[in-house]
Amino acid sequence: QVQLVESGGGLVQAGGSLRLSCAASGHTFSSYTMVWFRQAPGKEREFVAGISVSWSGGSTVYIDSVKGRFTISRDNAENTVHLQMSSLKPEDTAVYYCAARTGRAIPTPDAYVYWGQGTQVTVSS
């Protein structure tokens, strides 16, 4: 079983940067696909980025709106996944959630077994 805890959120001005981290408990972190979702007020939870297990190539996937601005990475030795966010826009404002599953990175929240509690990202204009 994996427990996830997000950190690194905060308040930044448009154009700024933040680096989110998701720390995982347990000893099987490297076996899970790790993803980031976000949920803005009044909107459904949205897939943002994912990274596959390292033995499968550690491939990454992003939604179009964050391509070129966000980078997902994982550090298996530290049981941590990161989301480096640059050139932030007000529309990036949301609670960001880390999630994990044993299969591929897919955009359906119900497919994920493990979730963190979320970290708030607020981007002011």
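Worth saying up front: this structure is predicted, and the values here are computed from it rather than measured.
Atoms CG and CE, from Leu83 and Met34 in turn, are 11.5 Å apart once rounded to the nearest 0.5 Å. Distance CZ/Phe70 to CG/Leu18: 9.0 Å, rounded to 0.5 Å. The structure places CG of Leu20 at 9.5 Å from SG of Cys98, a figure rounded to the nearest 0.5 Å. Within the model, atoms OG of Ser125 and CD of Gln13 stand 9.5 Å from one another, a figure rounded to the nearest 0.5 Å. Atom OG of residue Ser17 and atom CG of residue Leu88 lie 6.0 Å apart, to the nearest 0.5 angstrom.
No side-chain donor-acceptor contact under 3.5 Å links Tyr32 to the backbone of Val2. Between the side chain of Thr119 and the main chain of Glu6, no donor-acceptor pair closer than 3.5 Å is present. In this structure, the side chain of Thr80 engages the main chain of Glu78 through a donor-acceptor pair within 3.5 Å. Between the Gln84 side chain and the Arg19 main chain, no donor and acceptor come within less than 3.5 Å of each other.
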Going through the checks in order, is the side-chain contact (heavy atoms from CB on, under 4.5 Å) test met by Val35 and Ile51? CA-CA 6 Å; Val35 305; Ile51 185 166; over 6 Å; no
Residue pair Thr93, Val121: steps toward the side-chain contact (heavy atoms from CB on, under 4.5 Å) verdict: CA-CA 5 Å; Thr93 295; Val121 172; 5.9 Å; no
From CA spacing to verdict: side-chain contact (heavy atoms from CB on, under 4.5 Å), Val95, Arg45: CA-CA 9 Å; Val95 176; Arg45 194 163 297 188; over 6 Å; no
Does His82 form a side chain to side chain donor-acceptor pair (under 3.5 Å) with Ser21? I'd like the steps, not just the answer. CA-CA 4 Å; His82 304 283; Ser21 297; 2.9 Å; yes
Evaluate Thr33 against Ser52 for side chain to side chain donor-acceptor pair (under 3.5 Å), listing each step before the verdict. CA-CA 5 Å; Thr33 292; Ser52 68; 5.8 Å; no
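Here the closest non-hydrogen pair linking Cys22 and Leu4 is SG-CB, 3.8 Å. Pairing each heavy atom of Phe37 with each of Pro107, the nearest pair is CE2-O, 3.5 Å. Scanning both residues, Gly50 and Ala105, for their nearest heavy atoms gives CA-CB, 4.3 Å.
Below 30°, between 30° and 60°, or above 60°: for Trp115 and Tyr97 the angle between ring planes is above 60°, a perpendicular geometry.
Salt bridge annotation for Asp64-Lys67: present, with a cationic side-chain nitrogen under 4.0 angstrom from a carboxylate oxygen.
Heavy-atom contacts from other residues, nucleotides or ligands closer than 6.0 Å to CD of Gln120 number more than 12.
For the pair Arg101 and Tyr112, the cation-pi test (distance below 6.0 Å, angle within 45°) is passed.
Evaluated for a salt bridge (Lys or Arg N to Asp or Glu O under 4.0 Å) with Arg38, the options Glu91, Glu46, Glu44 yield exactly one hit, Glu46.
Aromatic pair Trp36/Phe47: ring centres not closer than 6.0 Å.
Clustering ILVMFWY residues whenever any of their side-chain heavy atoms sit less than 4.5 angstrom apart, transitively, puts Tyr62 in the very cluster that holds Val81.
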